[in-house]
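This report refers to the structure that appears directly beneath it.
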Amino acid sequence: MIEPQGPLPPEVYWRRRLVAGVGAVVAIVVVILLIVWLSGGSDSTPDSKNAAAKSSTEPAAPSAAVQSAPPSSEAPSGGGEHGQGGDPSATPSAPAPAPAQQSDAPAADAGAPGCSDQSLSVVLYTDKPTYTVGDQPVFTIVTTNGGLAACSRDVGKAAQNVIVRTLDGSRTLWSAQDCAPDKGVNIQVLAPGQQVTDTITWSGTTSNPGCTKKRVQVAAGGYQATAKLAERESAPITFNFVAPAQAPAQQ
């Protein structure tokens with residue numbers, strides 16, 4: 001090794017050489033590390049790009065919930081005769097609900113309470129005061145809401161009745177509900193003072209409950225009749241039957 005020469009002591013020159021040598025070694029190491037880092041980064045870049053491209057082109061995996069769902073056991077349903085896209089012979093998973101049965105009676109207003117017997121007025125009329133034996137009297141029943149508020153009530157044939165008695169009222173001769181009771185229901189919402197009118201025709205013959213006895217034409221004379229709507233009864237009215245006029249005797 002060359003001995004340092006100069007005006008300064010030799011130790012100074014040795015220290016300068018040591019510092020320079022260490023600096024050179026550090027610079028060489030830094031350059032090597034830089035080269036290695038750059039070469040490694042350039043090699044990994046294509047892989048990274050390829051991996052990114054691959055991940056972007058792969059379809060998304062189905063979710064766990066979809067993969068784990070069991071296949072449906074229900075038969076496909078469709079419209080039309082057998083359903084569009086479904087098996088015509090497949091049995092549906094549940095039977096179709098039966099259509100709701102409709103009542104013949106009109107529904108009463110849900111907001112109107114039922115009419116009490118005390119709030120109703122029932123009046124009976126005949127189409128004429130006197131009939132000939134063999135005629136068929138027509139009775140008219142007029143039901144009026146005498147209350148102060150609207151209410152609902154069945155005023156159909158099933159709730160009505162007309163009863164014919166002897167003039168003194170001691171014996172019943174006929175009732176509209178004996179032989180051919182009408183089961184018609186007619187629920188009406190009656191405003192205060194509103195009237196409902198209906199008619200019942202009598203054959204002019206006797207009857208009994210169940211119509212088990214022979215029916216007989218009533219004789220000439222006076223009779224009374226009353227009408228009922230459920231338990232509400234009208235005042236009695238009177239009418240007459242007279243014998244048919246006899247043809248004049250031929251001479």
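Of the possible donor and acceptor atoms, none in the side chain of D135 sits under 3.5 Å from a partner among the backbone N and O of P137. Side-chain atoms of D154 do not come within 3.5 Å of backbone N or O of A158 as any donor-acceptor pair. For Q194 (side chain) and A191 (main-chain N/O), a donor-acceptor pair under 3.5 Å exists by modelled atom type. Counting only distance, with no hydrogens or angles, the side chain of N208 and the backbone of K213 share a donor-acceptor pair below 3.5 Å.
The CH2 atom of W174 sits 7.5 Å away from atom OG of S203, with the distance rounded to the nearest 0.5 Å. Residue K228 holds its NZ atom at 7.0 Å from CG of N161, rounded to the nearest 0.5 Å. With rounding to the nearest 0.5 Å, the separation of CG in D178 from OG1 in T172 is 9.0 Å.
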Exercise for the section: For the pair R232 and T143, evaluate side-chain hydrogen bond (donor to acceptor under 3.5 Å, both in side chains) and give the outcome as yes or no after the intermediate values. Expected result: CA-CA 10 Å; R232 186 62 167 171; T143 303; over 6 Å; no
#### Entry: Worked verdict on L190 versus V196 for side chain to side chain contact (heavy atoms under 4.5 Å, CB included)
CA-CA 8 Å; L190 304 177; V196 177; 3.2 Å; yes
**Request:** With side chain to side chain contact (heavy atoms under 4.5 Å, CB included) as the test, would you mind laying out the steps for Y131 and N240 before giving the verdict?
**Result:** CA-CA 6 Å; Y131 303 91; N240 299 296; over 6 Å; no
Given T126 and F139, is the side chain to side chain contact (heavy atoms under 4.5 Å, CB included) satisfied, shown in steps? CA-CA 5 Å; T126 56; F139 298 103; 3.5 Å; yes
**Q.** side chain to side chain contact (heavy atoms under 4.5 Å, CB included) between S175 and V162, intermediate numbers included
**A.** CA-CA 6 Å; S175 170; V162 174; over 6 Å; no
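Between Q224 and T238, the side chains place no donor N or O within less than 3.5 Å of an acceptor N or O (distance only, hydrogens not considered). Between the side chains of E233 and T226, at least one donor N or O sits under 3.5 Å from an acceptor N or O.
Using a 4.5 Å heavy-atom threshold, the side chains of N186 and Q188 count as touching. Residues V164 and W202 meet the side-chain proximity criterion, which asks for heavy atoms closer than 4.5 Å. You'll find the side chain of S234 stays beyond 4.5 Å of the side chain of V123, heavy atoms only. With a 4.5 Å cut-off on side-chain heavy atoms, T140 and D198 do not count as touching.
Other residues, nucleotides and ligands contribute at most 12 non-hydrogen atoms within 6.0 Å of the CG atom of L148. Enclosure of atom NZ in K214 is not indicated, since only 12 or fewer non-hydrogen atoms of other residues, nucleotides or ligands lie within 6.0 angstrom.
Across A150 and N145, no two heavy atoms sit closer than the pair CA-ND2, 4.1 Å. Residues L120 and C115 share a closest heavy-atom pair of CD2-CB, 3.9 Å. Between I141 and A227, the closest heavy-atom pair is CG1-CB, 4.0 Å. In plain terms, the two heavy atoms of P181 and Q177 that are nearest each other are CB-OE1, 3.1 Å. Closest of all the heavy-atom pairs between A220 and V133 is N-CG2, 3.8 Å. Heavy-atom minimum distance, T206 versus R215: O-NE, 2.9 Å.
Under the 4.5 Å side-chain contact rule for hydrophobic residues, V122 and Y125 do not share a cluster. Residues V216 and Y223 fall into different hydrophobic clusters, defined by Ile, Leu, Val, Met, Phe, Trp and Tyr side chains chained together at heavy-atom separations under 4.5 Å. In this structure, L229 is a member of the same hydrophobic cluster as I200, with clusters built from ILVMFWY side-chain heavy atoms closer than 4.5 Å. Hydrophobic cluster membership differs between L124 and I163, with clusters built from Ile, Leu, Val, Met, Phe, Trp and Tyr side chains linked at under 4.5 angstrom. There is a path of hydrophobic side-chain contacts, each under 4.5 Å, that joins V218 to F239.
Ion pair D117/R153 flagged as a salt bridge, since at least one NZ, NE, NH1 or NH2 atom sits closer than 4.0 Å to an Asp/Glu carboxylate oxygen.
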